Amino acid sequence: MTVAGVQKLIKRRGPFETNPSLLDYLTMDVYAFPAGHASRAAMVSKFFLSHLVLAVPLRVLLVLWAFCVGLSRVMIGRHHITDVISGFVIGYFQFRLVELVWMSSNTCQMLISAW
């Protein structure tokens, strides 16, 4: 919702002036700034890096995956590089927001049993 709200506010088109297809209108993927795929990739990868115990090669692969998601959006012409960078930044802040409201398993069980 954050990315969609900023996209509607900024209304920046992608690098190539192509007419959006019907599917783009249905998924509300008409504007380019910030990159939604990049924000979700950054949030998911940071979440996994923080909450899972992963070996170093898996950590590297996870970061490379997020980078490749952003790079692919630039390569197919859907976003400018600044769209992707801002998407990564928004994804990081979304992760921080999730961390603020995240409850441990013990806390959830205590709240459920008290109810």
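Note that the structure is a prediction, hence the values are computed from the model and not measured.
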Peer 1: Just how far is it from atom CZ of Phe95 to atom CG of Leu100, taken to the nearest 0.5 Å?
Peer 2: 10.0 Å
Peer 1: First locate atom NE2 of His37, then atom NE2 of His79, and finally report the distance between them rounded to the nearest 0.5 Å.
Peer 2: 7.0 Å
Peer 1: Indicate the atoms forming the closest heavy-atom contact of Val69 with Ser72, along with that distance.
Peer 2: O-OG, 2.7 Å
Peer 1: If hydrophobic residues (ILVMFWY) are linked whenever their side-chain heavy atoms come closer than 4.5 Å, directly or via other members, who joins Leu64 in its cluster?
Peer 2: Val56, Val60
Peer 1: Pairs under 3.5 angstrom only: tabulate donor-acceptor contacts from the side chains of residues 44-53 to other protein residues two or more places apart or in another chain.
Peer 2:
from: Ser45; atom 1: OG; to: Ala41; atom 2: O; distance (Å): 2.9
from: Ser45; atom 1: OG; to: Ala42; atom 2: O; distance (Å): 3.2
from: Ser50; atom 1: OG; to: Lys46; atom 2: O; distance (Å): 3.1
from: His51; atom 1: NE2; to: Glu99; atom 2: OE2; distance (Å): 2.5

Peer 1: Hey, what else clusters with Leu97 if you join Ile, Leu, Val, Met, Phe, Trp, Tyr whenever side-chain heavy atoms sit under 4.5 Å?
Peer 2: none
Peer 1: Out of curiosity, Met75 CE to Cys68 SG, how far, rounded to the nearest 0.5 Å?
Peer 2: 9.5 Å
Peer 1: Distance check, rounded to the nearest 0.5 Å: Ile90 atom CD1 versus Ile85 atom CD1?
Peer 2: 12.5 Å
Peer 1: Provide the closest heavy-atom pair for Met43 versus Gly91 in the form atom of the first, atom of the second, distance.
Peer 2: CB-O, 3.5 Å
